[in-house]
Amino acid sequence: MLNNHDKQLLEKAIESREHAYAPYSHFRVGASVLLEGGTIVTGNNQENAVYPSGLCAERVAVFAANANYPGKKIKAIAISCRNTKRKTAIPFTSCGSCRQVMLEYELKQEEPISVLFYGEDGEVWKVPNTKVLLPLYFDKSAL
Ligand code: THU
């Protein structure tokens, strides 16, 4: 089911996952963002002793992509997680805030962003766009 581009993107997420700063949760997450033209931007979760000050991998990666490559469309995002205390054999999907952030960029660019979810082993789950992750979403039309 995974094509070579998906596999390569997932490899980047796995690599980035291992550089996460997650001393409190022991839950490492890596995300890789594929931009139009082929550039890949990665990010991982960054925790803090003041817990809410940390940030999820998806938002670190997506914000870095848009900060460094403004206007470049996002084609796909891959995410991999690993709990260092026990085996993560199924994917865990993104939190609500990350879904909201990924969706904002999809709406802005008017093109779907596919998302791959993986743990450290086992199945990979793929969704064709971020809208399916957040039904009845809030967006700028309300503002
Ligand atoms: N985390 C992510 O990086 N992405 C998510 O979508 C869910 C949670 C991180 C945040 C925190 O560092 C750790 O996983 C446990 O919640």
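Sequential numbering from 1 along the given sequence is applied to the chain's residues. All ligand and atom numbering here is 1-based and tracks the order in the structure.
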S.K.: Looking only at protein heavy atoms, which one is nearest to atom 3 (O) of ligand 1, and how far off is it?
M.R.: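 In this structure, atom 3 (O) of ligand 1 has A57 N, 2.9 Å as its nearest protein heavy atom.
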S.K.: With a 3.5 Å cut-off and no angle check, do the side chains of Q46 and N48 form a donor-acceptor pair?
M.R.: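 No, no side-chain donor-acceptor contact under 3.5 Å.
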S.K.: Indicate the atoms forming the closest heavy-atom contact of R59 with V101, along with that distance.
M.R.: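 That would be CD-CG2, 3.6 Å.
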S.K.: Going by an N to O cut-off under 4.0 Å, is there a salt bridge joining K75 and E36?
M.R.: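 E36 and K75: not salt-bridged.
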S.K.: Just say parallel, tilted or perpendicular for the rings of F92 and F27, cut-offs at 30° and 60°.
M.R.: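 Perpendicular.
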S.K.: Might you check, step by step, whether the distance between atom 16 (O) of ligand 1 and some protein heavy atom is under 4.0 Å?
M.R.: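 No, because not a single protein heavy atom sits under 4.0 Å from atom 16 (O) of ligand 1.
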S.K.: Give me the nearest non-hydrogen protein atom to atom 1 (N) of ligand 1 as residue plus atom name, then the distance to 0.1 Å.
M.R.: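 Scanning the protein heavy atoms, the shortest distance from atom 1 (N) of ligand 1 goes to C56 SG, 3.6 Å.
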S.K.: Output, in order, the C-alpha distance, side-chain angles, deciding distance and verdict of salt bridge (Lys or Arg N to Asp or Glu O under 4.0 Å) for E18 and R82.
M.R.: CA-CA 9 Å; E18 293 309 305; R82 179 169 82 89; 2.7 Å; yes
S.K.: Considering heavy atoms of the protein only, find what lies nearest to atom 11 (C) of ligand 1 and give residue, atom and distance to 0.1 Å.
M.R.: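 Result: E47 OE2, 3.3 Å.
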S.K.: Which atoms of ligand 1 sit under 4.0 Å from any heavy atom of S94?
M.R.: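 Result: 6 (O).
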S.K.: Closest heavy-atom contact between I79 and A31?
M.R.: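 Looks like CG1-CB, 4.3 Å.
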S.K.: In terms of residue, atom name and distance, what is the protein heavy atom nearest to atom 14 (O) of ligand 1?
M.R.: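 Scanning the protein heavy atoms, the shortest distance from atom 14 (O) of ligand 1 goes to F27 CD2, 3.4 Å.
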S.K.: In the protein, what heavy atom is nearest to atom 9 (C) of ligand 1, and what distance, to one decimal place, separates them?
M.R.: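 Looking only at protein heavy atoms, the one closest to atom 9 (C) of ligand 1 is N45 ND2, 3.6 Å.
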S.K.: Counting distance only, does the side-chain N/O of T88 pair as donor-acceptor with the main-chain N or O of G119 below 3.5 Å?
M.R.: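 It does not hold such a pair.
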S.K.: Ignoring hydrogens, just give me the one of H26, E58, R99 whose non-hydrogen atom is nearest atom 5 (C) of ligand 1.
M.R.: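 The nearest heavy atom belongs to E58.
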S.K.: Is the closest N or O pair between C95 and ligand 1 shorter than 3.5 Å?
M.R.: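 Checking ligand 1 against C95, an N or O pair does fall under 3.5 Å apart.
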